[in-house]
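See below for the structure under consideration.
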Protein chains: 2
Amino acid sequence: MKLDAIDIRILDILQRDAEQQVAQIAEQVGLSSTPCWRRIQRLKEAGVITRQVALVDARKVNVGVTVFVSVRTSVHTEAWFETFKATVQAIPEVVEFYRMSGDVDYLLRVVVPDIAAYDKVYKRLIAGTQLHDVSSSFAMEELKLTTALPLGYAS
Amino acid sequence: MKLDAIDIRILDILQRDAEQQVAQIAEQVGLSSTPCWRRIQRLKEAGVITRQVALVDARKVNVGVTVFVSVRTSVHTEAWFETFKATVQAIPEVVEFYRMSGDVDYLLRVVVPDIAAYDKVYKRLIAGTQLHDVSSSFAMEELKLTTALPLGYAS
DNA sequence: TGTGAAATGGAGTGCCT
DNA sequence: AGGCACTCCATTTCACA
């Protein structure tokens, strides 16, 4: 889908605050409500906007601790991968999960209340499949965490 | 703030899809619209729900490449940290930024269109402050990425 | 594509239980 | 705390440029 400058401005507004009403957004981008509304619909239909969610304060729901888990494996079969993928995706504490290039095979971001809770997740992780090496790093401070993507490359 | 089982169910619904109307959520949690609406307001006022945002498809805005950047530093002064923090936070391609325990001092998640674009971000990063070691790992596949926090620890 | 007005339907309010 | 009835206003639709 082709995105013009106004679409990008609309996206930028919505990915920071989706509660604003259409008329307010329209004003900011110099449009009246209807065309602005049509553009938003178009962005949703095209899948540029995938969905709209409420962001929850991690500490207020008692998951203030973030752990990054690096996983190395020795097995490299398709069947192993499918099992591992399903195991990890089913763990709600895992909020990010990537297959990586380089010396680490997989990287996970896990959120938990404390180290004891992390240990349970860790055990669930290694119980599912055979892993060669698992290394955990704890985040001491969250300096930036945003769902707003940079829009400067869009076209 | 104390969260009961109904609050948690409401949070769980909203952090997956905030576009549902109050009446629909109310039905799912076995309440009528008004008390459900009041609970949602209370969750917002208490800061449990921080905000509501539109999620954008990274590939559709041309930032389909994710890079994790591990930073080690030799300088450990407060002034250095403040400069570094401000430099990194100002880079829109950096969507996550943590101070870590262990051998890596900082971890960044960066989203860019391609490796060439990453190189520019990398240069911007090292131009800002003195860094001892910067190591980049590319994500080959995004297996899970969610803004929905696990709600099993909330109370 | 954009504008303006009209209709629709959900959010927000007050009051009662 | 929850439910019901009502008001109000933003969203959505429609006719037109």
Side-chain angles (χ1 to χ4, degrees), chain A residues 1-57 59-62 146-149 151-155, chain B residues 1-57 59-62 147-155:
Chain A
M1 180 187 172
K2 171 113 179 47
L3 302 170
D4 66 17
I6 296 177
D7 288 325
I8 289 170
R9 290 187 61 194
I10 292 173
L11 280 178
D12 200 35
I13 293 167
L14 286 177
Q15 78 174 174
R16 285 167 211 289
D17 177 13
E19 283 179 303
Q20 279 177 79
Q21 43 202 52
V22 178
Q24 285 174 27
I25 299 163
E27 197 197 2
Q28 291 172 67
V29 302
L31 239 47
S32 62
S33 296
T34 310
C36 184
W37 180 84
R38 281 202 286 244
R39 278 171 183 266
I40 295 169
Q41 297 308 311
R42 205 166 131 263
L43 290 167
K44 286 179 184 172
E45 277 156 30
V48 179
I49 295 175
T50 53
R51 54 197 181 137
Q52 211 166 107
V53 298
L55 263 24
V56 170
D57 187 313
R59 286 208 315 241
K60 297 224 163 103
V61 291
N62 198 27
T146 181
T147 54
L149 302 176
L151 262 17
Y153 303 103
S155 54
Chain B
M1 179 189 173
K2 172 117 176 43
L3 302 171
D4 66 17
I6 295 177
D7 287 325
I8 289 169
R9 289 186 63 196
I10 291 173
L11 280 178
D12 200 36
I13 293 168
L14 285 177
Q15 76 173 175
R16 283 167 213 290
D17 177 14
E19 282 180 304
Q20 280 177 79
Q21 42 202 55
V22 178
Q24 286 174 26
I25 299 163
E27 197 198 2
Q28 292 172 66
V29 301
L31 238 49
S32 65
S33 296
T34 310
C36 183
W37 180 85
R38 283 201 280 245
R39 278 172 183 265
I40 295 169
Q41 296 309 311
R42 203 166 134 264
L43 290 167
K44 286 179 183 172
E45 278 156 30
V48 179
I49 295 174
T50 53
R51 54 195 182 139
Q52 212 166 105
V53 299
L55 263 24
V56 171
D57 187 313
R59 285 209 315 242
K60 298 228 164 101
V61 290
N62 198 26
T147 54
L149 301 177
L151 262 17
Y153 303 102
S155 53

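Just so you know, these numbers use all the heavy atoms, side chains as well, and skip hydrogens, waters and symmetry mates. Throughout, a chain's letter reflects where its sequence line sits, starting with A, and its residues are numbered from 1.
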Quiz item: Between B:L31 (CG) and D:dA1 (P), how many Å, whole number?
Solution: 12 Å
Quiz prompt | Atom-to-atom span, CD of A:Q41 to P of C:dT1 - whole angstrom | solution = 15 Å
Quiz item: Between A:R38 and A:Q20, which has a closest nucleotide on DNA chain D that is more 5'?
Solution: A:Q20
Quiz item: Separation of B:Q24 atom CD from C:dG9 atom C1', in whole Å?
Solution: 13 Å
Quiz item: What is the nucleic acid contact for B:R39, judged by heavy atoms within less than 4.0 Å: base, sugar-phosphate only, or nothing?
Solution: sugar-phosphate
Quiz prompt | Below 4.0 Å: OP1/OP2 of D:dT11 and any side-chain N or O of A:W37 | solution = no
Quiz item: Tell me: CG of B:L3 to C1' of D:dA1, nearest whole Å?
Solution: 16 Å
Practice problem: Specify the separation, in whole Å, of atom CD1 of A:I40 and atom C1' of D:dT13. | Solution: 16 Å
Quiz prompt | Rounded distance (nearest 0.5 Å) linking atom CG of A:L43 with atom CD1 of A:I10 | solution = 6.5 Å
Practice problem: Mark yes when over 12 heavy atoms from residues, nucleotides or ligands other than A:E19 sit less than 6.0 Å from its CD; otherwise mark no. | Solution: yes
Self-check item: Side chain of B:P35 (C-beta onward), nearest among C:dG2, D:dG2, D:dA5
Solution: D:dG2
Practice problem: Measure from the side-chain N and O atoms of A:D57 to the backbone N and O of B:V48, and report whether any donor-acceptor pair falls under 3.5 Å. | Solution: no
Exercise. Quickly work out the A:K44 NZ to D:dT11 C1' distance and round it to whole Å.
Key: 11 Å
Self-check item: Distance-only donor-acceptor test (3.5 Å): side chain B:T34, base D:dC4
Solution: yes
Exercise. Verify the contact: side-chain N or O of A:Q21 to OP1 or OP2 of D:dC9, cut-off strictly under 4.0 Å; return yes or no.
Key: no
Exercise. Measure from CZ on A:R42 to P on C:dG2 and round the result to the nearest Å.
Key: 9 Å
Quiz item: How long is the line joining CD of B:Q52 and P of C:dA11, in whole Å?
Solution: 11 Å
Quiz item: Which is it for B:L55 and A:I49 under the side-chain contact (heavy atoms from CB on, under 4.5 Å) test, yes or no, and what are the steps along the way?
Solution: CA-CA 6 Å; B:L55 263 24; A:I49 295 175; over 6 Å; no
Quiz item: Below 4.0 angstrom, N of the basic side chain to O of the carboxylate: do A:D4 and A:R39 qualify?
Solution: yes
Quiz item: Closest to the A:V22 side chain: D:dT12, D:dG2, D:dT11?
Solution: D:dT11
